[in-house]
There are 2 protein chains.
Amino acid sequence: MTKYTVKKLAKAAGVSVRTLHHYDRIGLLKPSIRTAVGYRLYGENELLRLQQILFYKELDFGLKEIAALINRPDFDRIRALESQKQLLKARRKRIDRLMSTLDKTILHIKGKIKMNYEELYEGLPKEQAAAWRKEALEKWPDQVKQSEKVLIGMSMEEFEVLKSGFKENFETLASLCGHGADPASERVQQEIDRHYHYILRFWGKPGNQVEAYKGLGELYLADPRYTGTGGAPFGLFMKQAIDHYVTSLPA
Amino acid sequence: MTKYTVKKLAKAAGVSVRTLHHYDRIGLLKPSIRTAVGYRLYGENELLRLQQILFYKELDFGLKEIAALINRPDFDRIRALESQKQLLKARRKRIDRLMSTLDKTILHIKGKIKMNYEELYEGLPKEQAAAWRKEALEKWPDQVKQSEKVLIGMSMEEFEVLKSGFKENFETLASLCGHGADPASERVQQEIDRHYHYILRFWGKPGNQVEAYKGLGELYLADPRYTGTGGAPFGLFMKQAIDHYVTSLPA
DNA sequence: TCTTGACTCTTACCTTACGTCATAGCCTAC
DNA sequence: GTAGGCTATGACGTAAGGTAAGAGTCAAGA
């Protein structure tokens, strides 16, 4: 006859030793033998009984109810089990409802996030945002997807900090351009460096992204909002500044 | 602006007053106002927040987690909700497995009950039981189904008491028949009265069941085990006793 | 105006099914 | 023979409230 010590029975049934102590104390599952020094020893019967107990526990019966159930006759058990079946059915329905509510909630929040994301481009006219993003999506689809994944995984505070810093940086560059600064000047290059690092953080992937960043310069150049507007040609300014920055970077 | 007292808010949201006190103490949901004497007053905002809380609670978040969730930004919430969705999926699967195990268990127990049920006819040779039940099922299918439903719903003790009483009654009748008692005699009729009431309890439905009981008499008569055996013709004895009993009953 | 009944407050112990020490004895293997 | 792993009991901790006690408050009818 196989004998189990507490730990062995616990492992066999997937419960904790403390649980067995507890069941012993409340009289739900007592060891078949106590050794001379008080060690608990369980037999096969106890393992079976424990499995019964765990079965009822899965069904959310309380330990007292379980104690009653496994002593009480079969007729009563059938009634208990059948009412439990009803409970399970109801619970499954509730879970289904929760799941759909959950999906709706997630979609709702994602909608809000998308709005925030578009606010990022506030520096330029609002309609522009979508267009710019669309073009970026064509040029570097993986890049943009990765970027959005990063944003989704970012906390609201991080996002806010990043956004406002980026905006400020962008406005500084616009201002420098407006004042006729040289795209290759140290002041502008300093700001472009910040710009580059913001872009890197939006893109999520660290490391060498110079090629993509160079492409971003062309995007500024190609954008009619930046090439044609009155005053200094901001798109060209950005492209030149970025080109200079990229070529002056250490290999 | 609508204001809710504790009880009103509790009723509106379907929780207990104690729960609101608790949420106040742990800082999860504080009333917008405390009156001069310390009464809690909640506004619409608090109702909405409470609904949020209950939503997360349905998803099995702990109160601390909920407090974190409803303060934390949307990006984090999406992640939490999405992992919760996975949990719900897993739980639904587990419920499905439980349901099928439950069905099997119920069937198993019902099988055992059926065996016990057949023991009921122990007074007569074992093979007879099934045959008798089959015939009864043809004559009064609803009656028998109802009877089994009643037995299933009965506790083991009730069943045992009923069974042994019925058996004893049956044996007394057999003995009376064996000693050549008159089916219409008071002693036999007294026993038949007990018999009738046992049958009523097996059938579960109280009220006038005389017609069916009369039919039962014919069943005894038609049964070759009772008509042809050596000694007194027990089947005929029972039919006559039952007939006499039924006709002598008050309308 | 007084009283009654419904409501409110705080404080504080109770519950379930264990988890988590703390302290101490036991057993086995090198 | 001693270290490392097992065992025991006892006692306190946990989450999310339930339940009860003692006391103050409010609105309405007699």
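So that the names make sense, note that chain A is the first sequence line, chain B the second, and so on, each numbered from 1.
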> Which nucleotide, C:dG19, C:dT8, C:dC9, lies nearest any side-chain atom of B:R34?
Replying inline: C:dC9
>> Let's see if you can work this out: which of C:dT10, C:dC7, C:dC26 has an atom nearest to the side-chain heavy atoms of B:Y39?
In response: C:dC7
> Looking only at side-chain N and O atoms, does B:K7 come under 4.0 Å of OP1 or OP2 in C:dT8?
Replying inline: no
Could you tell me whether the side chain of [X] and the main chain of [Y] form a donor-acceptor pair under 3.5 Å?
{"X": "A:S16", "Y": "A:A10", "result": "no"}
{"X": "A:N71", "Y": "A:A67", "result": "yes"}
{"X": "B:R49", "Y": "B:K30", "result": "no"}

With a non-hydrogen cut-off below 4.0 angstrom, is [X] in contact with a base, only sugar-phosphate, or nothing?
{"X": "A:V17", "answer": "nothing"}
{"X": "A:S16", "answer": "sugar-phosphate"}
{"X": "B:K8", "answer": "nothing"}

> What is the distance from atom OG1 of B:T101 to atom CZ of B:R94, rounded to the nearest 0.5 Å?
Replying inline: 11.0 Å
> How many Å lie between CG on A:L54 and C1' on C:dA17, as a whole number?
Replying inline: 13 Å
> In terms of the nearest nucleotide of DNA chain D, which residue is placed more toward the 5' end: B:H22 or A:R18?
Replying inline: A:R18
>> Quick check on DNA chain D: between A:G38 and B:V37, whose nearest nucleotide comes earlier from the 5' end?
In response: A:G38
>> Could you walk me through whether A:E191 and A:R194 satisfy the salt bridge (Lys or Arg N to Asp or Glu O under 4.0 Å) test, starting with their C-alpha distance in whole Å, then the side-chain angles of each, then the deciding distance to 0.1 Å, before giving a yes or no?
In response: CA-CA 5 Å; A:E191 235 22 70; A:R194 281 184 65 206; 2.7 Å; yes
> What residues, two or more places apart in sequence or in another chain, satisfy side-chain contact (heavy atoms from CB on, under 4.5 Å) together with A:E65?
Replying inline: A:F61
>> Below 4.0 Å from chain A heavy atoms, what is the first contacting nucleotide of DNA chain D and what is the last?
In response: D:dC6 to D:dA11
